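For reference, the structure discussed in these notes is given below.
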Number of protein chains: 2
Amino acid sequence: MLRKLLAVSITAALALNATNAAAETVSTERHKVSVNTITDKLNKPWGMAFLPSGELLVTEKSGTLRRVTRDGAVSDALSGVPSVVDKSQGGLLDVAVDPNFADNQFVYISYSEADPAGGEGTSTAVMRAKLSDNGLTDGKVIFRGAPKYKSGAHFGSRLVFAPDGHLFITLGDRYSAMDDAQTLDNHHGKVVRIKPDGSVPADNPFVGKDDALPEIWSYGHRNVQGAAIHPTTGKLWTVEHGPKGGDEINIPDAGKNYGWPIATYGVDYDGSIISDETHVEGTVQPHYYWVPSIATSNMIFYTGDQFPAWQGDLLVAALKGSHVARLDLEGDRVMHEETLFEDAVKQRIRDIEQGPDGYIYLITDDRAGQLIQIKPAE
Amino acid sequence: MLRKLLAVSITAALALNATNAAAETVSTERHKVSVNTITDKLNKPWGMAFLPSGELLVTEKSGTLRRVTRDGAVSDALSGVPSVVDKSQGGLLDVAVDPNFADNQFVYISYSEADPAGGEGTSTAVMRAKLSDNGLTDGKVIFRGAPKYKSGAHFGSRLVFAPDGHLFITLGDRYSAMDDAQTLDNHHGKVVRIKPDGSVPADNPFVGKDDALPEIWSYGHRNVQGAAIHPTTGKLWTVEHGPKGGDEINIPDAGKNYGWPIATYGVDYDGSIISDETHVEGTVQPHYYWVPSIATSNMIFYTGDQFPAWQGDLLVAALKGSHVARLDLEGDRVMHEETLFEDAVKQRIRDIEQGPDGYIYLITDDRAGQLIQIKPAE
């Protein structure tokens, strides 16, 4: 398989050099950067994660998982991916690599899953499996959102590991079930926290509480599609889509209510306000928000050496804006926002990751979806 | 005088209705507002302050001080204003009204003052005087920036009273003397704190220190033209012009160094960086900053009843941007920035104040300078 991949890689690299070496130099406030389209052979990619080898695992919404090299070689579809409901916003979504992958070869995928009982509802599920050369084996569903619900929208979902080894799964309110985000007997509009084997940590905030699902970490979210662990505090940060405006960054604390749908900064398309209620007793204010919406996807804290002036900054990718918002942080506090790459990236940005090389990688949400590498300009 | 003013007022109001009733309705994220040009009969106004009567005192850079009613009646020039050096950025600058004005009738003006000894240098001075119907009497210079220095630029200056009765005066680095901002034997690039009679508070941070001027409160500033007291913490907040970018909000603490010119976020016109040094040991990071510069003038914390969703927000006026930046605060933390009035205001905004009626007032930096009233739309 390695030999095969290598051969694919070389072929793809040649093809890239021949037809697709799209690179653009962009000046930003603190760095001059080169924006390079590595490949456009991805079909609606959604999530990506780096393996220790430096290769990427990339999901495609239709239900395929591929290996992609940083030269742009895209593998055949890997086997062992479960059946997904590829409809509206649903499909194969995020992928994460176990922090101990070298020892256990575990990877995690999130997806919209049909009702095993045969009903019309779907929900976000998470499978853990072992990654072999050809694909996934020993798949086990470690989380299954409840209830199954008939909606094609707002599945979340992003997978991130906390420094203590717990797995955070960010979820959506399933749109028409938005009121569920305020009650604890379901997973709609929640961030959940589990152990990598699917069991519930004993110190989760609602363990042992009546009428509360024990996986819940925080609630009152709308559709959380971005998450990252702060590199010095180790705390979870999330970013969620607001209602036609009001995209929010939160720092979800255990057991806290982030307000949706009873408190929001969202505004309607004509600029009029949806609700007077931005502050509701018992709910936490966002840490930062955007009106109008930029349609936030994923985010990272940049910690690499390639862009020294961005170290510690929060980079938030935007679907609608086709840009990356750089938030310059001092401690947790946002001091400044810069809009990056908006003229150099033409497609909706679906995921952002930092490579082992310190470069920044983007994938775009298109049938000719791109993998884009950001590196310092020569 | 009152009768005369009333007559002027009625005449002006009629003129206004006849020729100049420029009002524009603007939708913002949280409020629909009416932007009304009350008068355009101000000649390069710089500062304004409300008297307990509800009238405004307005400075014009050329050296005139006027009363202006909220109907747009502009008085003749008041007498008793000292001679000012109206050249480049210098002239008659800010005006403040004593918190105990009803008892003592004191007002304060800042201005660029020639060297009394006859040299070519100038510096920012502050005069306290009593306001009578016709003008100022009993004028006393309570602060005189040192040294006098030959430059037409960066005089500061904004005057604000702390809740404890001390007067803050914000200053500039005089441009070519920028390095002075890092040493304490001069007033360039400083915020100073004095008593209203000009004496030095015993608890100022550098009192009794060798080679330090005792009026200094904080240092390492570039050109501070905006200042306001936070309505709940009572702390001083300032906003200063950065070098072609890097406008900064700071919360100046006693004795602290805010970094100019050794640390800056400023970028050059072509987008390249001026300095790699944004973080320098011993200097305080800005609380928030803008790149590119919006050219910040003054700012207020909005506390009125007319715009409930803006209560507690910081409104920062911009010269270059001809807009007001609304910073939505949670505690001290900026959660969101909205750009207000940018299409409705055509001129550089030089000062912003909240009226006793809860409306927001702007003056613009033009030979046909405007007084603009912002109120809720019908």
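These figures come from a predicted structure and were not determined experimentally. Residue numbers start from 1 in every chain, and the chains themselves are labelled A, B, ... in the order their sequence lines are given, proteins ahead of strands.
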| request: Report the C-alpha distance between A/Glu29 and B/Tyr265 in whole Å, list the side-chain angles of each, state the deciding distance to 0.1 Å, and finish with yes or no for side-chain contact (heavy atoms from CB on, under 4.5 Å). | output: CA-CA 9 Å; A/Glu29 288 170 17; B/Tyr265 285 88; over 6 Å; no
| request: Kindly determine whether A/Glu337 and B/Glu337 satisfy side-chain contact (heavy atoms from CB on, under 4.5 Å), including the steps that lead there. | output: CA-CA 10 Å; A/Glu337 178 178 348; B/Glu337 177 177 348; over 6 Å; no
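For residues 336-362 of chain B, the set of pairs meeting the ring pair (Phe, Tyr, Trp, His ring centres under 6.0 Å) definition, not counting sequence neighbours, comprises A/Tyr289-B/His336, B/Phe50-B/Tyr361.
The minimum heavy-atom distance linking B/Thr264 with A/Arg30 is given by the pair O-NH1, 4.1 Å.
Of the two parts of A/Asp332, neither the backbone nor the side chain holds a non-hydrogen atom closer than 4.5 Å to a non-hydrogen atom of chain B.
Residues of residues 346-357 of chain A lying within less than 4.5 angstrom of chain B, judged on heavy atoms, are absent. Contacts of residues 291-314 of chain B with chain A at a heavy-atom distance below 4.5 Å involve B/Val291, listed in sequence order. Along residues 227-240 of chain A, no residue comes nearer than 4.5 angstrom to chain B, judged on non-hydrogen atoms.
Note that NE2 of B/His287 and CD of A/Glu330 are 11.0 Å apart. Values are rounded to the nearest 0.5 Å. Here the CZ atom belonging to A/Arg333 is positioned 14.5 Å from the CE atom belonging to B/Met335, to the nearest 0.5 angstrom.
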